[in-house]
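Encoded as structure tokens, the structure appears first; notes follow it.
Order of the sequence lines sets the chain letters (A, B, ...), proteins ahead of strands, with each chain counted from 1. As the structure is a computational prediction, the values presented were derived from the model and not from experiment. Computation of the quantities below employed the complete heavy-atom set of this structure, encompassing side-chain atoms and omitting hydrogens, waters and symmetry-equivalent molecules.
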Amino acid sequence: MRWSQTFIPTLRNDPADAEAASHKLMVRAGLIRQLGAGIYSYLPIGWRIAKKAEAIVREEMDAIGAQEFYLPALHPAEVWKESGRWDAIGGEMFRFKDRKDAEMCLGMTCEEIFTVLARDGLSSYKQLPQIWYQIQCKFRDEPRPKSGVLRGRQFTMKDSYSFDVDAAGLDVAFDKHAVAYKKIFDRCGIDSIPVEASSGAMGGSESVEFMAQSSAGEDWIARCKKCDYSANVERAVSALAPVEDAPDDAAIEKFPTPGIRTIKDLVTFEGGAAADRQIKTLVMMKRGEEGETPVLLLIQGDDELNEVGAIDAVGAALRPAHEEEIVKALGAKPGSLGAVGVKDIPVFADKRLKGRVGMTTGANHDDHHVRHVSMERDITVTKWADLRLVRDGEPCVKCGAPLDLKKAIEIGHIFKLGLRYSESMGASVTDQNGKPVPLVMGSYGIGIDRIVAAAIEAHHDDKGIKWPLSLAPYAVVVSPIKMNDEAQTKAGEELYAALQAEGIEVVYDDRNDRPGAKFKDHELVGIPYRVVPGRGLADGLVELYDRRADEKADVPLADVVAELKKRLSA
RNA sequence: CGGGGCGUAGCGCAGUCUGGUUAGCGCACUUGACUGGGGGUCAAGGGGUCGAAGGUUCGAAUCCUUUCGCCCCGACCA
């Protein structure tokens with residue numbers, strides 16, 4: 001390819017609306033352009049890179065025996081109604097009606113469609129196991145798209161689905177995916193961290209996210225500095241030593257706390273209590289069959305609520321209650337809430353509060369608190385659970401070493417779905433005994449766009465992107481210094497042809513610009529190697545520049561193709 | 001959905017508060033010349049319904065109303 005004839009619209013300035021490094025660089029290097037919120041066009045260089053990532057994913061999926069499909073992204077509502085997700089999913093699904101007034105949606109994932117294929121096409125255990133996959137456009141009406149392609153409303157995902165006759169088979173498929181994912185991310189130059197994760201509304205028993213540590217990430221992960229424990233903070237727990245309360249068997253005592261609304265205020269209030277001796281009472285509304293009902297969540301005063309932990313504990317979707325709902329439930333406004341004596345509202349308490357005595361909490365009477373509260377004696381706890389967010393440095397539950405909290409990008413997520421879809425949609429096979437058994441399913445996703453962005457997050461400097469060879473749009477750029485110097489352009493053309501003949505992906509920068517401007521572009525786009533026929537030609541030398549090492553070397557013109565072959569195959 | 005910010009040339013921005021010639025700057029682009037190892041210099045050019053609609057006014061990028069879009073924080077998130 002000749003640079004002058006390729007559409008590579010590089011920009012000198014960062015786009016004003018980009019924040020994440022990968023977002024800025026993808027726009028500046030001419031990889032993408034924005035069309036709308038969370039909607040991006042891939043330009044030729046960007047699309048080459050995405051296709052490289054797809055090819056790697058495809059190879060590793062094929063290597064575990066997965067078969068590639070291509071399913072529609074346009075779905076009739078019926079199939080989503082069968083699984084129950086038409087109603088379970090909220091505004092995140094793009095929905096509309098066709099000309100016949102039939103309800104439709106754009107696919108946000110493909111469990112339902114693959115399950116239909118499995119239901120119709122798989123009838124015997126002898127046909128199992130199966131792993132099916134596709135690389136396809138997905139649509140999610142994200143409440144808040146951000147960071148370029150990291151959270152888009154249209155994106156490309158590799159999604160795969162496994163079908164087995166039993167749980168042991170699912171475990172095999174799940175492990176195969178975990179191994180394949182590790183390889184995929186390794187090949188893309190991304191250091192991936194598998195973490196325990198929450199399955200969310202996808203359903204199923206177990207899930208593992210693959211995370212790439214990055215300040216541009218939206219998730220926090222907790223990772224043990226010593227052992228292999230790692231979890232999304234939504235799921236992470238720690239082995240924090242219990243707080244030792246002084247014995248206190250005094251009766252509970254209500255006392256006035258005028259104007260005191262926060263834990264912090266009560267710490268400094270005379271007659272108040274230290275934050276770790278307070279009980280924080282949060283009211284959430286639970287979405288159930290008969291509408292929304294309040295639940296109370298109790299955590300130690302200095303802890304933060306882990307909302308996903310709370311959802312897991314309650315077993316239903318939650319949202320923070322509005323003030324009117326709180327007053328209706330407890331008779332007081334936020335700031336004076338407590339669970340003492342509450343009987344008709346379910347109370348979920350963090351395990352760290354178990355057995356605590358001498359605690360202080362709200363009295364459910366505006367501007368009043370109660371002290372000498374004993375968890376066991378005074379509060380009817382429906383369920384003890386992990387409700388608090390772990391904090392940096394807390395001891396690992398496995399080995400006691402400190403946990404490290406880091407921001408990360410979710411680049412893959414694998415789920416053990418079990419019977420979630422096969423039962424609701426009636427997908428079964430006949431087992432060895434001639435009996436129908438529901439298919440045991442798994443589902444597995446990798447965000448192609450996120451691979452590209454995460455690779456940039458991991459490999460860039462102030463000049464631009466530093467592609468690993470596996471994703472580089474071109475391996476080599478040949479760029480003469482003076483386009484009106486016949487010796488240089490002759491050497492350039494010959495090198496261009498010779499590298500192409502070797503099957504090396506090369507771009508010839510034939511633009512009649514000054515070298516500095518061209519070099520800046522090469523480095524912004526991140527092409528791993530540059531060959532420059534210049535003043536050294538008189539001595540038979542060209543310059544070979546290594547973008548990632550940021551090193552230049554003079555190499556004999558006659559040897560440079562061999563040298564590049566060597567470096568590219570290393 | 002709540003809070004904040006922003007829409008002026010391909011990109012980055014000034015001008016808006018305090019209405020007033022023909023709307024400006026840098027980069028990019030076109031032409032020519034010089035130049036050529038790190039975003040060159042000089043000269044001459046082209047490109048704008050100032051997000052949209054309505055209103056106030058002799059006069060609106062600027063004031064008012066409505067509306068659309070984008071970004072950030074939060075909520076939410078498969």
Next item on the list: For B:A43 versus B:G51, give the span between their C1' atoms, rounded off to a whole number of Å.
Entry: 36 Å

Notebook entry, point to check: Quick one: is A:Gln34 getting a side-chain N or O under 4.0 Å of the B:C71 phosphate, OP1 or OP2?
Noted result: yes

Notebook entry, point to check: Is the A:Phe185 ring parallel, tilted or perpendicular to the A:Tyr181 ring (thresholds 30°, 60°)?
Noted result: perpendicular

Check: Given that A:Arg511 and A:Leu524 both sit by RNA chain B, which one's nearest nucleotide is further toward the 5' end?
Finding: A:Arg511

Next item on the list: Name the nucleic acid region contacted by A:Arg319, choosing base, sugar-phosphate or nothing; use a 4.0 angstrom heavy-atom cut-off, strictly under.
Entry: nothing

Next item on the list: Indicate, with a heavy-atom threshold strictly under 4.0 Å, whether A:Asn512 touches base, sugar-phosphate, or nothing.
Entry: base

Notebook entry, point to check: For the base of B:G36, is there a side-chain donor-acceptor partner from A:Asp513 under 3.5 Å away?
Noted result: no

Next item on the list: Nearest whole angstrom, please: distance from the C1' of B:G36 to the CZ of A:Arg514.
Entry: 5 Å

Item checked: Separation of the C1' atoms in B:G20 and B:C34, to the nearest angstrom -> 44 Å

Next item on the list: Would you mind reading off the distance between A:Leu282 atom CG and B:A75 atom C1', rounded to a whole angstrom?
Entry: 15 Å

Note to self: For the C1' atoms, the ones on B:G45 and on B:U49, what distance do you get once it is rounded to whole angstrom?
What the structure shows: 23 Å

Item checked: Residue pairs passing the ring-ring contact (aromatic ring centres under 6.0 Å, His included) test where at least one lies in residues 11-30 of chain A, sequence neighbours excluded -> A:His23-A:Tyr40

Checklist line | Partner nucleotide, any strand, of B:C34 [Watson-Crick/G-U, under 3.5 Å] | finding: B:G40

Checklist line | Minimum-distance nucleotide (side-chain atoms of A:Met108 versus B:C72, B:A78, B:G36) | finding: B:A78

Check: Rounding to the closest angstrom, what is the interatomic distance between B:A52 and B:A61 at atom C1'?
Finding: 14 Å

Item checked: Between B:C77 (P) and A:Arg85 (CZ): distance, integer Å -> 15 Å

Notebook entry, point to check: So does A:Arg547 pair up with A:Asp461, basic N to acidic O under 4.0 Å?
Noted result: yes

Checklist line | Nucleotide B:A78, atom P - distance to CG of A:Asp312 in whole Å | finding: 11 Å

Check: Do A:Lys463 and B:G39 have a side chain to base donor-acceptor pair shorter than 3.5 Å?
Finding: no

Check: NA contact type, A:Lys138, heavy-atom cut-off 4.0 Å: base, sugar-phosphate, or nothing?
Finding: nothing

Notebook entry, point to check: Which base sits across from B:G69 as a Watson-Crick or G-U pair, both distances under 3.5 Å?
Noted result: B:C6

Checklist line | A:Asp386 bridged to A:Arg235 by N-O distance under 4.0 Å | finding: no

Next item on the list: Rounded to whole angstrom, note down the P distance from B:C27 over to B:U21.
Entry: 27 Å

Next item on the list: Please confirm whether any donor atom in the side chain of A:Arg140 sits under 3.5 Å from an acceptor in the base of B:C77, or the reverse.
Entry: no

Next item on the list: Give a yes/no answer on whether the side chain of A:Arg535 brings an N or O atom under 4.0 Å of OP1 or OP2 in B:G37.
Entry: no

Next item on the list: Specify the separation, in whole Å, of atom CZ of A:Arg153 and atom P of B:A78.
Entry: 18 Å

Notebook entry, point to check: Which one, B:G39, B:G36, B:G38, comes nearest to the side chain of A:Arg28?
Noted result: B:G39

Checklist line | Nucleotide nearest A:Tyr40 when distance is taken to its side chain, options B:G37, B:G39, B:C71 | finding: B:C71

Check: Is the closest basic N to carboxylate O distance between A:Glu111 and A:Arg420 below 4.0 Å?
Finding: no

Item checked: Length of the CG-C1' vector between A:Asp521 and B:G38, whole Å -> 12 Å

Check: Using purine N1 to pyrimidine N3 plus N6-O4 or O6-N4 for Watson-Crick, or N1-O2 and O6-N3 for G-U wobble, each under 3.5 Å, what pairs with B:G26?
Finding: B:C11

Note to self: With a 3.5 Å limit on both atom pairs, tell me what B:G74 is paired to, counting Watson-Crick and G-U wobble, or say none.
What the structure shows: B:C1

Check: Looking across every strand, which nucleic acid part, if any, lies under 4.0 Å from A:Gly36 by heavy atom: base, sugar-phosphate, or nothing?
Finding: sugar-phosphate

Notebook entry, point to check: Do A:Gln134 and A:Asp159 have side-chain N/O donor and acceptor atoms under 3.5 Å apart?
Noted result: yes

Note to self: So A:Glu307, base contact, sugar-phosphate only, or nothing? Heavy-atom distance under 4.0 Å.
What the structure shows: sugar-phosphate

Next item on the list: Could you tell me whether A:Lys463 and A:Asp550 have a side-chain N and a carboxylate O separated by less than 4.0 Å?
Entry: yes

Checklist line | Which residue lies more 5' along RNA chain B, comparing A:Pro515 with A:Leu35 via nearest heavy atoms | finding: A:Pro515

Margin query: Mind checking if A:Ser147 touches a base, just sugar-phosphate, or nothing, with heavy atoms under 4.0 Å?
Written below: sugar-phosphate

Item checked: NZ/NE/NH1/NH2 to OD/OE distance under 4.0 Å, A:Lys158 and A:Glu60 -> no

Notebook entry, point to check: Would you call the rings of A:Phe114 and A:Phe69 parallel, tilted or perpendicular if under 30° counts as parallel and over 60° as perpendicular?
Noted result: perpendicular

Next item on the list: Classify the nucleic acid contact of A:Pro145 as base, sugar-phosphate or nothing, counting any heavy atom under 4.0 Å across all strands shown.
Entry: sugar-phosphate

Next item on the list: Would you sort out whether A:Arg85 and A:Tyr421 count as a side chain to side chain donor-acceptor pair (under 3.5 Å), showing the intermediate values?
Entry: CA-CA 10 Å; A:Arg85 290 207 289 181; A:Tyr421 296 91; 3.0 Å; yes

Checklist line | B:A28 to B:U65 separation - P atoms, rounded to the nearest Å | finding: 41 Å

Next item on the list: From the options B:G39, B:C77, B:A78, select the nucleotide whose nearest atom is closest to the side chain of A:Ala517.
Entry: B:G39

Next item on the list: Considering only atom P, compute the distance from B:A9 to B:A53 and round it to an integer number of Å.
Entry: 16 Å

Margin query: Which nucleotide, if any, forms a Watson-Crick or G-U wobble pair with B:C50, using both distances under 3.5 Å?
Written below: none

Next item on the list: Find the distance A:His322:NE2 to B:C76:P and express it as a whole number of Å.
Entry: 11 Å

Item checked: Any donor-acceptor N/O pair, A:Lys482 side chain to A:Gln488 backbone, under 3.5 Å -> no

Check: What nucleic acid atoms does A:Val27 come within less than 4.0 Å of, heavy atoms only: base, sugar-phosphate, or nothing?
Finding: nothing

Any N/O pairs under 3.5 Å between the protein and nucleotides 6-13 of chain B? List them or say none.
residue: B:G12; atom: OP1; partner: A:Ala16; partner atom: N; Å: 2.9
residue: B:G12; atom: O4'; partner: A:Asn13; partner atom: ND2; Å: 3.2

Notebook entry, point to check: Taking the same atom, C1', in B:G4 and in B:G10, what whole-Å distance lies between them?
Noted result: 29 Å

Check: If you look at every strand shown and take non-hydrogen atoms under 4.0 Å, does A:Lys146 touch a base, only sugar-phosphate, or nothing?
Finding: sugar-phosphate

Next item on the list: For A:Pro143, answer base if it contacts any base atom (sugar-phosphate contacts may also be present), sugar-phosphate if it contacts only those atoms, and nothing otherwise; contact means non-hydrogen atoms under 4.0 Å.
Entry: base

Notebook entry, point to check: Atom CZ of A:Arg530 to atom P of B:G37: distance rounded to whole Å?
Noted result: 13 Å

